[in-house]
J.: 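I am attaching a structure below and will ask some questions about it afterwards.
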Amino acid sequence: MILDGLNTVQRQAVEQTDGPIMIIAGAGSGKTRTLTYKIAYLLQQGVSPFSIIALTFTNKAAKEMQERIIDLVGIEAKGLLVGTFHSIFSRILRMEAERLGYTKNYTIYDDDDSKKLIVDIVKSLNLDEKQYKKGRMLTRISYAKSALYSPEAYATEGLFLADDNASKIPLFYKVYAVYQKRLFQNNAMDFDDILFNMNVLLRDYSDVREKYQRRFKYILVDEYQDTNYSQYHIIKVLADFHKNICVVGDDAQSIYSFRGANISNILNFNKDYPNAKTFKLEQNYRSTENIINAANEVIAKNEKQIPKTIWTDNPEGEKITYRILPSDREEADWVGKKIQQDLQESKDSFSTAILYRTNSQSRTFEDSLRLKNIPYIIYNSTSFYARKEIKNIIAYLRLVVNNSDDEAFERIVNYPARGIGATTMDRLKIAAQQYNLPLFHLAESITPNNPFQITPRAVSALTDFCLMIKSFTGRVETDDAYTLGKDIINRSGIKTDLALLKEQEDKDRLENVEEFLSGMQSFVETEEESIIDSLTGEEISIENKTLDVFLQQISLMTSTDVEEDEESNKVKLMTIHSAKGLEFDNVYVVGMEENLFPSTLSFATREDIEEERRLFYVAITRARKNLILTSANMRFRNGSVDFGETSRFVREISQKYLNIVDDSKKEKLSTISFQQKENNKSFISLKKKEPLTSLRHNSLTDKKSSLNLKKKEEGLDDSWHLAKDEEIEVGVKVHHSKFGYGTVTEVELKDKDKRAHVDFGEMGQRVLILKFAKLKIQ
DNA sequence: ACTCCTTGGGTTTTT
DNA sequence: CCCAAGGAGT
């Protein structure tokens with residue numbers, strides 16, 4: 001019997017097939033295991049795979065689940081609908097798009113596209129771009145959509161309007177309205193639209209609603225604590241007929257409120273479904289006892305949570321290491337060296353991750369690992385597809401598939417250069433706005449004597465361009481993605497353009513293009529999926545290997561969606577957010593400093609701090625065996641230097657689980673290995689005699705910064721010298737290599753270090769630790 | 001029309 | 001610091 005591998009609660013949760021079910025699954029408690037067994041169990045009970053839908057947050061989680069189910073029950077699992085909210089609903093929307101006025105080839109806009117569109121709109125409405133910032137606009141639009149407020153509904157909601165007024169963006173509702181109109185005109189949806197429109201579809205079309213309500217007899221939702229209102233509502237509607245809904249989540253791991261996730265969805269599940277059965281998976285199979293104990297201590301500091309006791313049978317394990325280092329560079333250096341040692345000790349197992357709060361922290365670690373020849377992979381939110389040359393290719397593909405895609409049109413109409421410059425584009429855009437038409441449709445019908453003052457030469461260039469695109473468009477339905485994509489890349493001139501250039505950078509780009517093409521090829525070569533509903537014989541969907549399907553797929557891909565062989569035997573670098581759901585033997589949580597983690601931006605409210613704490617909880621519960629926390633006393637951030645105190649989260653762990661090593665007070669040179677002295681001579685010499693600024697990340701290559709340094713040093717004559725600690729007194733004039741001239745306003749002794757508060761005038765008030773600051777004095 | 005350079009602005013997390 | 005947008009020069 002397949003349920004043998006489960007513990008009592010897991011088994012109960014699996015065997016309870018019908019009715020509303022909530023599974024509270026602590027970190028490492030076998031959540032995925034329970035979910036996959038549950039689906040396997042349903043199949044074994046004779047439930048058709050076509051009547052099961054399982055929703056996850058990442059493609060990776062979906063893929064893993066699907067594979068594990070196939071392992072359990074074999075080929076029968078085929079036809080199961082397992083995927084992310086966005087991927088499954090965007091597929092359903094493709095089939096039903098016409099009802100909502102889109103075509104099935106609608107484009108999915110990413111944040112970049114959305115932001116460009118917003119800038120355009122803000123300009124056209126003559127609004128102040130500094131007040132109506134694109135990022136802010138997008139966040140607000142996203143917020144409105146996630147709460148299911150259409151532009152019309154938004155404009156009649158007094159609370160929103162009052163808030164916009166108070167925030168000095170009273171016309172935001174207009175931006176939102178035009179944004180939505182333009183998206184629609186472009187036959188495009190942003191990420192939130194996929195969920196929003198799914199809601200509209202279910203609300204307005206009873207046949208569609210009933211079809212899916214009846215079809216999905218069993219609905220399973222992973223990471224339920226991270227659903228927003230829009231997602232919550234889709235699930236609620238879909239489950240309304242059979243009411244077999246099983247949600248799995250952990251309120252302690254809710255970390256996405258910034259994108260609208262609402263923790264009350266999980267906290268209030270029992271209110272929505274009063275007869276719901278709740279199961280708590282509390283035994284942790286992943287981590288050592290020390291790690292679990294520490295994690296429990298940390299999360300106990302939060303007020304809002306579902307009571308539960310996470311425990312483990314695992315051995316106590318090593319203590320958690322907390323190591324303090326002098327600077328971000330030395331932090332990265334130390335982590336690199338430690339990983340190198342670990343590697344030498346256990347050659348075959350290679351399960352190590354470096355987790356950080358912000359993407360920008362990856363740089364120093366990347367440098368450090370590269371220097372030591374340790375293979376690594378960075379999961380960055382700006383991934384392969386975000387590279388310029390790839391974005392250009394994708395824009396071609398998008399325009400071919402969906403001629404109305406203005407963002408794509410603008411991006412490539414003159415790449416490679418074909419004589420369609422800014423003036424022409426401005427005129428074309430004015431015309432398009434006048435007629436409320438997509439750019440392409442205007443461009444293809446324009447004549448030499450047009451009323452828009454577009455020159456005959458430009459008209460001819462535009463016509464040629466449109467004809468070329470159209471010729472490809474005609475092949476979308478018939479050709480496979482690879483054949484068509486290859487032709488587009490060859491005939492558009494992109495390849496020739498890159499091949500002509502001789503710089504190494506262009507060669508790299510050309511290589512990326514080839515890689516992209518081979519990605520298309522493997523997409524085409526994977527088996528075609530045709531899904532037939534075994535109950536009704538109805539064809540549910542056919543995923544042909546055409547370009548439109550390819551595009552839809554890649555627009556929902558993220559940096560974590562890489563092939564397994566690409567990530568095996570590599571150190572994995574990612575943000576803590578991306579690490580959710582993953583586990584590693586060795587986990588380094590770096591940058592454990594107040595202001596960085598928790599982030600300054602979270603200090604405002606208790607809720608925000610609690611979310612940061614949950615994030616920390618997620619971070620430490622990724623570790624199976626070894627957990628290492630590090631912090632740096634000083635760190636370069638946004639061009640200036642930060643002095644960080646130990647994060648409050650570290651202090652929330654009792655000493656009995658911690659092994660604290662303060663490596664920041666030692667003579668710095670002693671921490672640098674022989675190998676590095678060889679490789680990094682100038683780094684050392686800089687450190688010896690230069691002030692702080694030369695420790696910057698790029699000190700070896702960044703010419704600009706050394707120039708800056710010189711500029712600031714100019715005017716310092718020989719009478720200026722490095723100040724001794726005792727020379728620093730209130731009122732003394734000092735010079736700092738980065739901040740310039742200043743006056744000491746206060747001197748204090750803290751953590752055994754003498755610190756000076758210095759007023760640098762325009763550069764602001766700074767608190768400097770004297771032993772690092774290398775202040776000069778006359 | 002294109003390229004290079006300067007300037008200015010942002011700076012948490014992402015499907 | 002890093003990027004993107006705008007300006008100046010070719």
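In this text, all values refer to a predicted model and were calculated from it rather than measured experimentally. Lettering follows sequence order; numbering is per chain, from 1.
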J.: Which whole-number value in Å describes the distance from Ile141(A) CD1 to dT15(B) C1'?
T.: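 Atom-to-atom, Ile141(A) to dT15(B), this comes out as 17 Å.
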J.: Tell me whether the OP1 or OP2 atom of dC2(C) has a side-chain N or O from Arg363(A) closer than 4.0 Å.
T.: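 For dC2(C), OP1 or OP2 has a side-chain N or O of Arg363(A) closer than 4.0 Å.
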J.: What's the CG-P distance between Leu138(A) and dT13(B), to the nearest Å?
T.: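 Nearest whole value for this atom pair: 15 Å.
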J.: Between Phe258(A) and His577(A) (judged by ring centroids, cut-off 6.0 Å), do the two rings come close enough to count as a pair?
T.: yes
J.: Check the phosphate of dT15(B) against Ser87(A), side-chain N and O only, distance under 4.0 Å to OP1 or OP2. Yes or no?
T.: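 No, because none of the side-chain N or O atoms of Ser87(A) sits under 4.0 Å from OP1 or OP2 of dT15(B).
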J.: Please identify each residue that fulfils ring-ring contact (aromatic ring centres under 6.0 Å, His included) with Phe409(A), with sequence neighbours left out.
T.: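 Partners of Phe409(A) under the ring-ring contact (aromatic ring centres under 6.0 Å, His included) test: Phe465(A).
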J.: Name the nucleic acid region contacted by Phe85(A), choosing base, sugar-phosphate or nothing; use a 4.0 angstrom heavy-atom cut-off, strictly under.
T.: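 Since no nucleic acid heavy atom lies under 4.0 Å of Phe85(A), the category is nothing.
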J.: How far does the C1' atom of dT12(B) sit from the matching atom of dA5(C), given to the nearest Å?
T.: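 Pairwise C1' distance, dT12(B) against dA5(C), rounds to 24 Å.
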J.: Whole angstrom is fine here: how far is it from CE in Met425(A) over to P in dA5(C)?
T.: 15 Å
J.: Both conditions, 6.0 Å and 45 degrees, for the charged tip of Arg140(A) above the ring of Tyr143(A): are they met here?
T.: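 Not satisfied by the 6.0 Å and 45° rule.
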J.: Quick one: does Ile108(A)'s side chain get under 4.5 Å of Ile194(A)'s, heavy atoms only?
T.: yes
J.: Kindly say if Thr575(A) contacts the phosphate of dT14(B), meaning a side-chain N or O under 4.0 Å from OP1 or OP2.
T.: yes
J.: When you check the phosphate oxygens OP1 and OP2 of dA4(C), does a side-chain N or O of Lys133(A) lie under 4.0 Å from one of them?
T.: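 For dA4(C), neither OP1 nor OP2 has a side-chain N or O of Lys133(A) closer than 4.0 Å.
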J.: Name the orientation class of the two ring planes belonging to His86(A) and Phe191(A) (parallel below 30°, tilted from 30 to 60°, perpendicular beyond 60°).
T.: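 Aromatic pair His86(A)/Phe191(A) classed perpendicular.
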J.: Could you give the CZ-to-P distance, from Arg614(A) to dT13(B), as a whole number of Å?
T.: 18 Å
J.: Is there any protein nitrogen or oxygen under 3.5 Å from a nitrogen or oxygen in nucleotides 8-10 of chain C, and what are the pairs?
T.:
none

J.: Quickly work out the Leu615(A) CG to dT12(B) P distance and round it to whole Å.
T.: 14 Å
J.: How close or far is atom C1' of dT13(B) from atom CZ of Phe57(A), stated in whole angstroms?
T.: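 Going from Phe57(A) (CZ) to dT13(B) (C1'), I get 14 Å.
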J.: Is Tyr256(A) stacked against the base of dT13(B), taking the criterion as centroid distance under 5.5 angstrom and interplanar angle under 30°?
T.: no
J.: If you look only at pairs with a residue in residues 125-138 of chain A, which of them pass as a side-chain hydrogen bond (donor to acceptor under 3.5 Å, both in side chains), with sequence neighbours excluded?
T.: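 Non-adjacent pairs meeting side-chain hydrogen bond (donor to acceptor under 3.5 Å, both in side chains): zero.
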J.: Tell me whether the OP1 or OP2 atom of dT14(B) has a side-chain N or O from Asn359(A) closer than 4.0 Å.
T.: yes
J.: When we call it a touch if two heavy atoms are under 4.0 Å apart, what does Glu612(A) touch: a base, just sugar-phosphate, or nothing?
T.: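 If one applies the 4.0 Å heavy-atom cut-off, Glu612(A) turns out to touch a base.
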J.: Is Phe191(A) touching bases, backbone alone, or none of the nucleic acid, heavy atoms closer than 4.0 Å?
T.: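 Base: the residue Phe191(A), judged by heavy atoms under 4.0 Å, touches a nucleobase.
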J.: Kindly give the atom pairs (protein nitrogen or oxygen, nucleotide nitrogen or oxygen) under 3.5 Å for nucleotides 1-3 of chain B.
T.:
{"residue": "dA1(B)", "atom": "OP1", "partner": "Gly421(A)", "partner atom": "N", "Å": "3.3"}
{"residue": "dC2(B)", "atom": "OP1", "partner": "Asn414(A)", "partner atom": "ND2", "Å": "3.3"}
{"residue": "dC2(B)", "atom": "OP2", "partner": "Asn414(A)", "partner atom": "ND2", "Å": "3.0"}

J.: Does Tyr415(A) have any ring-ring contact (aromatic ring centres under 6.0 Å, His included) partners at least two apart in sequence or in another chain, and if so, which?
T.: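 In terms of ring-ring contact (aromatic ring centres under 6.0 Å, His included), with neighbours along the sequence ignored, Tyr415(A) is linked to no residue.
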J.: Starting from C1' on dT15(B), measure out to CZ on Arg259(A) and report it in whole angstrom.
T.: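 Checked: the CZ to C1' distance equals 5 Å.
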J.: Once you apply a heavy-atom cut-off of 4.0 Å, does Lys145(A) come out as touching a base, just sugar-phosphate, or nothing?
T.: nothing
J.: Not counting sequence neighbours, list each pair that qualifies as a side-chain hydrogen bond (donor to acceptor under 3.5 Å, both in side chains) and has a residue in residues 223-233 of chain A.
T.: Lys31(A)-Glu223(A), Asn199(A)-Ser230(A), Asn199(A)-His233(A), Glu223(A)-Gln225(A), Glu223(A)-Lys580(A), Asp226(A)-Lys580(A), Thr227(A)-Asn265(A), Tyr232(A)-Asp272(A)
J.: Would you say dG9(B) has OP1 or OP2 under 4.0 Å from some side-chain N or O of Lys130(A)?
T.: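 It does, given that an N or O in the side chain of Lys130(A) lies less than 4.0 Å from OP1 or OP2 of dG9(B).
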J.: What pairs with Tyr109(A) under ring-ring contact (aromatic ring centres under 6.0 Å, His included), at least two apart in sequence or on another chain?
T.: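 Counting only residues at least two positions away or on another chain, Tyr109(A) forms no ring-ring contact (aromatic ring centres under 6.0 Å, His included).
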J.: With sequence neighbours excluded, tell me which residues meet salt bridge (Lys or Arg N to Asp or Glu O under 4.0 Å) with Asp120(A).
T.: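 Once residues adjacent in sequence are excluded, the partners of Asp120(A) under the salt bridge (Lys or Arg N to Asp or Glu O under 4.0 Å) criterion are Arg182(A), Lys429(A).
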J.: To the nearest Å, how far apart are Asp111(A) CG and dT14(B) P?
T.: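 Those two atoms, CG and P, are 11 Å apart.
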J.: By salt bridge (Lys or Arg N to Asp or Glu O under 4.0 Å), which residues pair with Arg648(A), not counting sequence neighbours?
T.: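 Result, salt bridge (Lys or Arg N to Asp or Glu O under 4.0 Å) vs Arg648(A): Glu594(A).
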J.: Counting only non-hydrogen atoms, which of residues 587-601 of chain A are less than 4.0 Å from DNA chain B?
T.: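 Nucleic-acid contacts, sorted: Leu601(A).
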J.: Could you tell me which residues satisfy side-chain hydrogen bond (donor to acceptor under 3.5 Å, both in side chains) with Asp608(A), sequence neighbours excluded, listed by chain and number?
T.: Thr605(A)
J.: I'd like to check the ring-ring contact (aromatic ring centres under 6.0 Å, His included) partners of Phe172(A); sequence neighbours left out, ordered by chain and number.
T.: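 Partners of Phe172(A) by the ring-ring contact (aromatic ring centres under 6.0 Å, His included) criterion, ordered by chain and then number, come out as Tyr154(A).
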